[in-house]
Amino acid sequence: MYVNEVKIVPSSQLMKGDFFICEAGDTIPMDGEIVEGIATIDESAITGESAPVIRESGGDKSSVTGGTKVLSDKIKVRVTTEPGESFLDKMIALVEGASRQKTPNEIALTILLAGFTLIFIIVCVTLKPFGDYANTPITIAAFISLFVCLIPTTIGGLLSAIGIAGMDRALRANVITKSGKAVETAGDLDTLLLDKTGTITIGNRKATHFWPEKDVDENVFTEACVLASIADETPEGKSIIELAEAKNIKKPTLQNDKVKFIAFTAETRSSGIDMDGIKIRKGAFDAIKNKILKAGNSFPAGTEERVRLISSDGEHHLVVSQNDKVLGVIELQDLIKPGIQERFDRLRKMGVKTVMVTGDNPLTAKFIAEKAGVDDFIAEARPEDKMNYIKKEQQGGKLVAMMGDGTNDAPALAQADVGVAMNSGTAAAKEAGNMVDLDNDPTKLIEIVEIGKQLLMTRGTLTTFSIANDVAKYFAIVPALFIASIPALQGLNIMQLHSPESAILSAIIFNAIIIPLLIPLALRGVAYKPIGASLLLRRNLLIYGLGGVIVPFIGIKLIDLLVSIWF
């Protein structure tokens, strides 16, 4: 079957057109096409899908991807890509081409701070000619002091503390974040993309129903299912025995010298047991059907109809036969994680649209999407499909989060505004995302969104306080500077400061004190309440806006009373 001369060489030396052989346990070194043999392949490192797939020579199932693992049998593969053009190389290129946009809040804050800085620069610059006109000389020291006091240094000094606090709260929720910006962005999300397998579903199919043929007793069929699954260590095999035990059919004790267990192979696509002249097989529909027809027996129309109904509902199945005669069908389901529907409802109430991403066909994807309660789905999704969907949402002005665990999720994780990789995922996925969920819990995004909203509320309140604080300092200092030459300003000299020098010094001291005093609030954060934006704005203006005006007046006056001793 294989060439006589086999050499062991480094995978880096493989070129397009070369042949290599892989056996069970080997990792496939390069993208290629199977030219001989059939094997079961674990592609979870690439796709994130835990269920192994069968690849064989000929047809559309002959391609294999570098980095995947051979679980059974032996294959001969021809390399089909040049170095640098493999699937992994393409994923790297997509990741490098991805870029995260600035959030609306980030843009708004930048414009606001830049605008106020510009305004106060203009104010400080125009004070010189105004002072000359009013015959009130203003020194360079006074100019610098005024500028330091008036520019929005308070919020600038607190932004880092707010971001660090958000990262710390996320860490307490078992989520590692790479930046405070990622947490902040989570508070304003519009769309969330979730990988199906291992994220929405448990990841392993589970037996949920036994469907015996009409002339087969249910207990007889169930016992046959158990016998065919005794040596099956897969999650599906174990779930079959668990379902049978729930029906009071116990696993029998067998003498190994009198039975022969038939292991699953990619070629037969079935497994089973031989004992006392009885041959029981459990496997894929077409594999069992071909075996029965080859033995000269007919295949029941009822079984075909049952398989069709199970498939139309988006479920999976295994056909069981005994001595080349059909006994019935085992129904397998992708189980939805408990409580996931309620979590999606909470996200929906927060204004977050949920989108399921899966490689399944549209029929299966639609069934699971409806069952899980997501708002939309992307079926037969390729890496570029996920990335394009995210770009389309972002072009509409929306902020998008992506949760995934496979290498094929890496481009989408890198493009998303918030990319959450599962801790059980591949290294590429964790590198591309800006968050890593240590608990592998897709619904963790609810906590992340709440932390993000708290961070935004904290920054909003402190920004309101900072701006009001700077405006108050302006009206506290300027009248004190010109009151001697312009008596009409006496009405604005609310604080009755001792002198221009003491006013400026008091403002600088207050400015140095207020930032450390606000750091505990920045770290603790403002309590999150799911209230509307208009109500939140009114609350900020009332509490922190008014407070930002009153506190500087009181603080500067008290400091002025102290420093006036030396003037």
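All residue numbers in this chain count up from 1 along the given sequence. Heavy atoms only: backbone and side chains are in, while hydrogens, waters and symmetry mates are out. Remember, predicted model here, so these are calculated numbers, not experimental data.
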Who are the side chain to side chain donor-acceptor pair (under 3.5 Å) partners of [X], not counting sequence neighbours?
X: Asp439; answer: Asn174, Lys444
X: Asp375; answer: Arg348, Thr354
X: Lys371; answer: Gln333

For the residue pair [X] and [Y], establish whether any side-chain heavy-atom pair is separated by less than 4.5 Å.
X: Asp190; Y: Glu393; value: no
X: Met30; Y: Thr81; value: yes
X: Leu194; Y: Val357; value: no
X: Thr27; Y: Thr68; value: no
X: Met435; Y: Val418; value: yes
X: Leu518; Y: Leu462; value: yes
X: Phe510; Y: Leu505; value: no
X: Asn388; Y: Lys392; value: no

Looking only at heavy atoms, what is the nearest atom pair of [X] and [Y], with distance?
X: Pro516; Y: Ile513; answer: CD-O, 3.1 Å
X: Ile162; Y: Ala522; answer: CG1-CB, 3.7 Å
X: Phe344; Y: Ala372; answer: CD1-O, 3.3 Å
X: Val183; Y: Thr177; answer: CG2-CG2, 3.7 Å
X: Phe377; Y: Ala365; answer: CD1-CB, 3.7 Å
X: Lys386; Y: Leu193; answer: O-CD2, 4.2 Å

- Item | Electrostatic pair Asp168-Arg172, nearest N-O below 4.0 angstrom | yes
- Task: Taking only Lys NZ, Arg NE, NH1 and NH2, and the carboxylate oxygens of Asp or Glu, determine whether Glu450 and Arg346 approach each other closer than 4.0 Å.
- Result: yes
- Message: With a sphere of 6.0 Å drawn around NZ of Lys178, does it hold more than 12 non-hydrogen atoms of other residues, nucleotides or ligands?
- Response: yes
- Query: Hey, is CD on Glu431 packed in by over 12 heavy atoms from elsewhere, all under 6.0 Å?
  - Reply: no
Find the distance between [atom1] ([X]) and [atom2] ([Y]) and round it off to the nearest 0.5 Å.
X: Ile390; Y: Leu399; atom1: CD1; atom2: CG; value: 12.0 Å
X: Ile164; Y: Leu523; atom1: CD1; atom2: CG; value: 8.0 Å
X: Leu413; Y: Met422; atom1: CG; atom2: CE; value: 9.0 Å
X: Met167; Y: Leu455; atom1: CE; atom2: CG; value: 11.0 Å
X: Thr191; Y: Tyr389; atom1: OG1; atom2: OH; value: 6.5 Å
X: Met402; Y: Asp417; atom1: CE; atom2: CG; value: 13.5 Å

- Query: Name the one of Val420, Val352, Val449 that satisfies side chain to side chain contact (heavy atoms under 4.5 Å, CB included) with Leu192?
  - Reply: Val352
- Message: Show, in sequence, the C-alpha distance, side-chain angles and deciding distance for Val175 and Ile448, and conclude whether the side chain to side chain contact (heavy atoms under 4.5 Å, CB included) test is met.
- Response: CA-CA 8 Å; Val175 177; Ile448 297 173; 4.0 Å; yes
Backbone N/O of [Y] and side chain of [X]: donor-acceptor pair under 3.5 Å:
X: Arg169; Y: Arg524; result: yes
X: Asp42; Y: Lys69; result: no
X: Lys453; Y: Gly187; result: yes
X: Ser239; Y: Lys206; result: no

- Which is it for Ile378 and Met356 under the side chain to side chain contact (heavy atoms under 4.5 Å, CB included) test, yes or no, and what are the steps along the way? CA-CA 6 Å; Ile378 307 172; Met356 182 185 77; over 6 Å; no
- Check step by step if side chain to side chain contact (heavy atoms under 4.5 Å, CB included) holds for Leu171 and Ile176. CA-CA 5 Å; Leu171 184 59; Ile176 296 176; 4.0 Å; yes
- List the steps, then state whether side chain to side chain contact (heavy atoms under 4.5 Å, CB included) holds for Lys353 with Val374. CA-CA 8 Å; Lys353 171 186 173 184; Val374 296; over 6 Å; no
